[in-house]
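Letters go in sequence order (proteins before strands), and every chain restarts at 1. Remember, predicted model here, so these are calculated numbers, not experimental data.
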Amino acid sequence: MPELPEVEVVRRGLARWVARRTVADAEVLHPRAVRRHIAGGDDFAHRLKGQRIGEPSRRGKYLWLPLETTHTSVLAHLGMSGQLLVQPHDAPDEKHLRIRVRFDDDLGTELRFVDQRTFGGLSLHHTTPDGLPDVIAHIARDPLDPLFDDDAFHDALRRRRTTIKRALLDQSLISGVGNIYADEALWRARLHYERPTGTFTRPRTTELLGHIRDVMNAALSVGGTSFDSLYVNVNGESGYFDRSLDAYGREGLPCRRCATPMRRRPWMNRSSYFCPRCQRPPRSAS
DNA sequence: GACGTACCCTGCGGGC
DNA sequence: TGCCCGCAGGGTACGT
């Protein structure tokens with residue numbers, strides 16, 4: 001499941017292998033992969049043709065490729081299983097190949113969007129004056145962004161009448177944190193996922209943000225060295241950071257701090273993993 | 001406006 | 001062996 005570090009690895013790969021190339025043509029093989037492009041797959045392909053790709057950017061789990069000389073960008077979200085691959089154009093098609101982009105050069109490679117569960121997709125959007133695709137203007141900065149405002153985040157947290165994990169997954173408050181890194185950061189901070197956001201003190205918020213950044217940077221340092229090759233590749237199943245997870249997916253296994261068996265609780269159609277001893281529930285929660 | 005939840009989708013694994 | 005069901009989960013639409 002690609003989260004911020006994985007998306008950043010993809011962005012770096014695109015910067016190396018795709019930026020400054022001109023699109024010869026694009027092929028949409030599954031309509032759902034361009035469902036956020038309202039005008040449809042044919043329009044997407046038509047508008048991409050002949051465009052030169054600029055420097056890729058990222059905010060949270062979204063990344064985008066600006067099209068030079070236009071005020072538009074190709075916006076990408078990998079969803080749960082999306083991959084952006086740079087493949088030799090004679091490589092066999094992947095089973096779940098959804099979009100193919102060929103280039104007008106002799107490098108012999110093409111960009112492929114492969115996505116098993118089709119939660120991800122590509123689309124074309126106007127770029128706002130600050131360089132952001134217009135449809136993601138509501139996405140907050142992510143905690144690795146130098147302009148992320150810790151104090152403003154704390155104030156917003158205090159204003160909310162919700163619980164901490166919901167807040168961490170709210171991309172309009174803080175972006176790039178998914179279910180896995182939320183559980184990891186909360187475990188490190190010894191915080192229960194249902195702690196009300198209104199109870200957070202400034203030092204608590206600062207500490208939690210520190211743990212979020214540590215978890216993300218650790219994943220980035222591992223993933224960031226694994227793709228120094230032809231392939232711009234994030235594979236949700238490759239699990240290159242699985243070994244370093246302390247909470248997520250560890251139901252029944254001993255807590256790495258206190259050896260108490262870790263628990264899993266159904267939560268918002270997904271799961272929360274936590275240590276019942278290190279991460280005590282708030283009085284109002286069970 | 002703020003908050004909570006159902007739904008989209010496909011493949012895998014467990015139970016029967 | 002094969003079928004069915006639950007699970008995985010980000011973002012969004014919709015209900016309260």
Side-chain angles (χ1 to χ4, degrees), chain A residues 1-8 10 28-38 58-64 75-84 94-99 113-123 125 132-140 142-143 153 155-186 193-200 212 216 219 234-239 241-242 245 247-252 262-274 284-285:
Chain A
M1 291 138 262
E3 297 202 38
L4 185 151
E6 293 82 352
V7 178
E8 173 58 19
V10 172
V28 176
L29 302 161
H30 194 300
R32 207 176 130 77
V34 290
R35 68 191 179 284
R36 296 189 73 178
H37 188 83
I38 305 301
R58 180 189 58 74
R59 176 171 285 195
K61 296 172 209 166
Y62 285 95
L63 63 87
W64 63 95
L75 180 66
H77 196 290
L78 301 177
M80 289 176 57
S81 53
Q83 297 170 274
L84 280 164
E94 291 74 11
K95 185 178 177 187
H96 302 291
L97 177 61
R98 308 303 189 193
I99 299 170
F113 179 68
V114 176
D115 191 8
Q116 177 200 104
R117 290 183 230 183
T118 66
F119 274 56
L122 306 184
S123 48
H125 301 281
L132 212 62
D134 53 10
V135 293
I136 62 162
H138 65 291
I139 301 291
D142 60 67
F153 174 71
D155 293 343
L157 212 54
R158 294 279 308 199
R159 279 196 300 273
R160 291 294 175 104
R161 291 292 169 266
T162 187
T163 49
I164 186 58
K165 190 167 167 184
R166 281 181 190 281
L168 291 181
L169 297 188
D170 184 341
Q171 305 291 301
S172 67
L173 208 54
I174 180 172
S175 70
V177 183
N179 199 43
I180 296 172
Y181 291 121
D183 280 1
E184 290 302 306
L186 289 170
Y193 59 97
E194 284 190 325
R195 173 178 284 272
T197 52
T199 67
F200 273 69
I212 292 170
M216 286 182 169
V234 158
N235 184 336
E237 284 124 353
S238 69
F241 65 89
D242 279 2
L245 293 180
Y248 186 83
R250 300 195 71 246
E251 182 183 19
M262 299 286 288
R263 287 194 187 155
R264 179 178 77 90
R265 286 283 176 275
W267 181 86
M268 274 181 76
N269 278 340
R270 47 202 79 168
S271 295
S272 274
Y273 295 89
F274 67 106
S284 57

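Across the protein-nucleic acid pair, A:R117 atom CZ and C:dA8 atom P stand 10 Å apart, rounded to whole Å. Atom pair A:L78:CG and C:dG10:C1' shows a separation of 11 Å (rounding to whole Å applied). The CG-C1' distance, from A:L169 to B:dC3, rounds to 14 Å in whole Å. Taking atom CD of A:E251 as the reference point, atom P of B:dG13 lies 17 Å away to the nearest angstrom. Atom P of nucleotide B:dC3 and atom CD1 of A:I164 are separated by 13 Å, given to the nearest angstrom. Nucleotide C:dG11 holds its P atom 3 Å from the NE2 atom of A:H77, rounded to whole Å. Counting to the nearest Å, the P atom of C:dG10 and the CG atom of A:D170 are 13 Å from each other. Between the CD atom of A:E94 and the C1' atom of B:dG11 there is a distance of 17 Å, given to the nearest Å.
Nucleic acid contact class of A:R36 (heavy atoms, under 4.0 Å, all strands): sugar-phosphate only. Within 4.0 Å (heavy atoms only), A:R166 reaches at least one base atom of the nucleic acid.
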Go through the steps to decide whether A:H96 and A:Q83 satisfy the test side chain to side chain contact (heavy atoms under 4.5 Å, CB included), and finish with yes or no.
-> CA-CA 10 Å; A:H96 302 291; A:Q83 297 170 274; over 6 Å; no
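Considering only side-chain N and O atoms, A:Q171 lies nowhere under 4.0 angstrom from the phosphate OP1 or OP2 of C:dG10. Between A:S271 and the phosphate of C:dC7, there is no side-chain N or O to OP1/OP2 separation shorter than 4.0 Å. At the phosphate of B:dC8, neither OP1 nor OP2 sits under 4.0 Å from any side-chain N or O atom of A:R32. The side chain of A:H138 places an N or O atom within less than 4.0 Å of a non-bridging phosphate oxygen (OP1 or OP2) of C:dT12.
Residue A:R161 is the one, among A:R161 and A:R270, whose nearest nucleotide of DNA chain B lies closer to the 5' end (criterion: closest heavy atom). Each of A:T162 and A:F119 was matched to the nucleotide of DNA chain B holding its nearest heavy atom; the match closer to the 5' end belongs to A:T162.
Side-chain contact annotation: A:T197 with A:R160, donor-acceptor N/O pair under 3.5 Å absent.
A donor-acceptor pair under 3.5 Å is absent between the side-chain atoms of A:R98 and the main chain of A:V114, judged by distance alone.
The side chain of A:T118 lies closest to B:dC9 when the candidates are B:dC9, B:dG11, C:dA8. Distance from the side chain of A:M268 is smallest to B:dT5 among B:dT5, C:dA8, C:dT12.
A:Q171 pairs in a side chain to side chain contact (heavy atoms under 4.5 Å, CB included) with only one of the listed residues (A:K61, A:R59, A:H138), which is A:K61.
Taking all atoms of both residues into account, the shortest heavy-atom contact from A:D183 to A:S271 is OD2-O, 3.9 Å.
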